[in-house]
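Not measured: the values here are computed from a predicted model. Note that these values count all heavy atoms, side chains included, but never hydrogens, waters or copies made by symmetry.
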Amino acid sequence: MSALSAWFWNERFWLPQNVTWADLADTESGEQYPRAGHLLYAFPTALGIFAFRLLFERFLAKPCALRLGLQGKGPRKAQPNAILEKVFISITKCPDGKHLEGLSKQLDWDARKIQRWFRQRRNQDKPSLVTKFSESMWRFLFYLYIFSYGVWFLWTAPWFWDTRQCWYNYPYQPLTLALYYYYIQELAFYWSLMFSQFTDIKRKDFLIMFVHHLATVGLISFSYVNNMVRVGTLVMCLHDASDFLLEAAKMANYAKYQRLCDGFFMMFGLMFVTTRLVVYPTWILNTTMFESWELIGPYPSWWLFNGLLLILQVLHVIWSYLIMRIAYRSLTKGKVGPGKCQPLPVLKDERSDIESSSEEEDTALNGTKSVHNTSSNGANRVNGHASSGQWSED
């Protein structure tokens, strides 16, 4: 274990030339530098965040959701049927024509009734709108808080205004208490997401998001250990700038204030594309790749750090393309006019894999197009123009 530890913490990988771990020990004047052991405090902090989240969702977010008129009950459960349950668990959750024909003969049910049973069975384990709203409200609160904290902290930081300050006298840059809190809060939050992902709403991209959270934890920890915390704070604040807007859009969508939802999503898309495709390469990559090369020169962990940031930029391009494609489709296919607003497709949150309503699906089975008429009160609510009386009643 001693040999393995010495290999892993090899100074020639982690630190620039002629710098050792002993050089970064605490000084007599009380100055401290980042240490790997500091990151252990993120675990109890993560548990505290998770506990606070449970209380927040139970006593604040849920009452807000009910106040807005969201349904607290989940979808209707399918009637018990041992044969269909066995097929659902062991064979298929979406039977094709061949399976439907066999089950129809076996149960003496028509195909439509069997399809309805499978749809209800798929839906019965899905979360209610109240649960989804509560989760988004919690994330909105934290993302807004951590972004505000980051802006407050960086506003007085010299490297926010001059990124070359990230590398002056590197790695001999003392750790301040506010910077440490910023790192620990970000790291603890993503650890809490990894814990809670097993109890949160199950989505199609469970594995992808788990890997994403793991990579985020790795990047934050990596930049802390080799004391690239100054540029690390810039990266974290930049990525937090748009997240709360997406959660706000999802909350508005769950509450059926569609025009408000669309507005938040458009702001999110604009902020995301601007920060990821313009600010990130010209501000972050410029300082980590070129200014740092000039001031401190490359070394092994420098190459790895910049490689990870470049991979992140590739992901930014992919995600921005998907967001712009969704926005383009909504602008070209949606119809926005007085009294009605076509919802943006993305805000249905397809990751949740929620099935369509029985009325819509039955209509689709008949090969017809459904036309949904909305009363004037309902239209006003969807468009975010509910009167004060309606709001009080909700």
Side-chain angles (χ1 to χ4, degrees), residues 1-27 30-46 49 146 149-150 153-154 157 159 163 165-195 211-240 284-285 287-289 291-293 295-312:
M1 292 299 297
S2 178
L4 181 62
S5 176
W7 170 83
F8 183 81
W9 297 109
N10 191 311
E11 295 165 341
R12 298 286 60 81
F13 171 80
W14 289 96
L15 303 173
Q17 293 183 357
N18 302 321
V19 179
T20 66
W21 293 117
D23 297 332
L24 299 177
D26 297 343
T27 63
E31 291 183 340
Q32 285 191 339
Y33 299 102
R35 289 185 177 182
H38 295 167
L39 300 178
L40 295 177
Y41 291 100
F43 291 105
T45 307
I49 290 176
I146 200 65
Y149 182 93
F153 168 74
L154 288 172
W159 60 90
T163 52
Q165 294 283 345
C166 293
W167 314 108
Y168 289 151
N169 200 36
Y170 176 84
Y172 304 106
Q173 298 170 341
L175 179 68
T176 64
L177 195 60
L179 192 155
Y180 172 73
Y181 285 155
Y182 190 17
Y183 252 79
I184 290 299
Q185 287 179 100
E186 284 274 9
L187 185 59
F189 177 70
Y190 281 100
W191 273 121
S192 72
L193 287 184
M194 292 182 66
F195 300 152
V211 173
H212 169 269
H213 298 332
L214 189 63
T216 303
V217 166
L219 271 171
I220 294 175
S221 303
F222 181 84
S223 64
Y224 187 87
V225 169
N226 65 358
N227 202 17
M228 289 186 178
V229 290
R230 291 187 175 183
V231 72
T233 57
L234 301 180
V235 174
M236 291 189 302
C237 187
L238 186 69
H239 283 79
D240 291 335
I284 301 297
L285 293 182
T287 190
T288 60
M289 298 183 65
E291 292 178 350
S292 65
W293 181 291
L295 294 173
I296 64 175
Y299 54 99
S301 66
W302 181 94
W303 288 104
L304 178 59
F305 185 65
N306 278 285
L308 294 173
L309 293 179
L310 286 172
I311 293 174
L312 193 57

**Q** Are the side chains of I220 and F189 in contact, using a 4.5 Å heavy-atom criterion?
**A** no

**Q** With a cut-off of 6.0 Å (strictly less than), are more than 12 heavy atoms of other residues, nucleotides or ligands near CG of N169?
**A** yes

**Q** Against T287, only a single residue in W159, W167, W293 fulfils side-chain hydrogen bond (donor to acceptor under 3.5 Å, both in side chains); can you say which?
**A** W167

**Q** Once you round to the nearest 0.5 Å, how far does CG of L304 lie from CG of L219?
**A** 8.5 Å

**Q** Check whether any side-chain heavy atom of M289 sits under 4.5 Å from a side-chain heavy atom of L310, and report yes or no.
**A** yes

**Q** May I ask you to decide if L39's main-chain N or O and R35's side chain share a donor-acceptor pair within less than 3.5 Å?
**A** no

**Q** Please report the closest heavy-atom contact between I296 and Y299, naming both atoms and the distance.
**A** CD1-CE2, 4.1 Å

**Q** Do any N or O atoms from the side chain of W302 and from the backbone of T288 form a donor-acceptor pair under 3.5 angstrom?
**A** yes

**Q** CD1 of I284 to OG1 of T163: how many Å apart, nearest 0.5 Å?
**A** 8.0 Å

**Q** Counting C-beta onward and ignoring hydrogens, is there a side-chain heavy-atom pair between Y33 and P171 closer than 4.5 Å?
**A** no

**Q** Got a second to check how far I49's CD1 is from S192's OG, nearest 0.5 Å?
**A** 5.0 Å

**Q** Taking atom OH of Y182 and atom CD1 of I146, what is their separation to the nearest 0.5 Å?
**A** 6.0 Å

**Q** Between F222 and W14, is the gap from one ring center to the other below 6.0 Å?
**A** yes

**Q** Determine whether W21 and E11 make a side-chain contact, defined as any pair of heavy atoms from C-beta on separated by less than 4.5 Å.
**A** yes

**Q** Answer yes or no: does atom OH of Y168 have more than 12 heavy-atom neighbours from other residues, nucleotides or ligands under 6.0 Å?
**A** yes

**Q** To the nearest 0.5 angstrom, please state how far the CG atom of L24 sits from the CG atom of L15.
**A** 6.0 Å

**Q** Using every non-hydrogen atom in the two residues, find where A188 and A42 come nearest and quote the distance to one decimal.
**A** CB-O, 3.5 Å

**Q** When rounded to the nearest 0.5 angstrom, what distance separates OH in Y183 from CG in L175?
**A** 10.0 Å

**Q** Are Y172 and D23 side-chain neighbours, meaning at least one heavy-atom pair lies under 4.5 Å?
**A** yes

**Q** Would you name the heavy atoms of Q165 and R230 that are closest together and state the gap between them?
**A** O-NH1, 2.7 Å

**Q** Please confirm whether the backbone N or O of H212 pairs with a side-chain atom of T216, one donor and one acceptor, at under 3.5 Å?
**A** yes

**Q** For W191 and A46, which heavy atoms make the closest approach, and how far apart are they?
**A** CB-CB, 3.8 Å

**Q** Does a sphere of radius 6.0 Å around OH in Y181 hold more than 12 heavy atoms from other residues, nucleotides or ligands, not counting ones at 6.0 Å or beyond?
**A** no

**Q** For Q173 and N227, which heavy atoms make the closest approach, and how far apart are they?
**A** O-ND2, 3.3 Å

**Q** Are the side chains of L187 and S221 in touch, meaning some heavy atoms are under 4.5 Å apart?
**A** yes

**Q** Is a donor from one side chain sitting under 3.5 angstrom from an acceptor on the other, for Y180 and H38?
**A** no

**Q** Apply side-chain contact (heavy atoms from CB on, under 4.5 Å) to residues H239 and L312 and explain how you reach the verdict.
**A** CA-CA 11 Å; H239 283 79; L312 193 57; 3.5 Å; yes

**Q** Working note: L234 + L154, criterion side-chain contact (heavy atoms from CB on, under 4.5 Å); need CA distance, chi angles, decisive distance, verdict.
**A** CA-CA 8 Å; L234 301 180; L154 288 172; 4.0 Å; yes

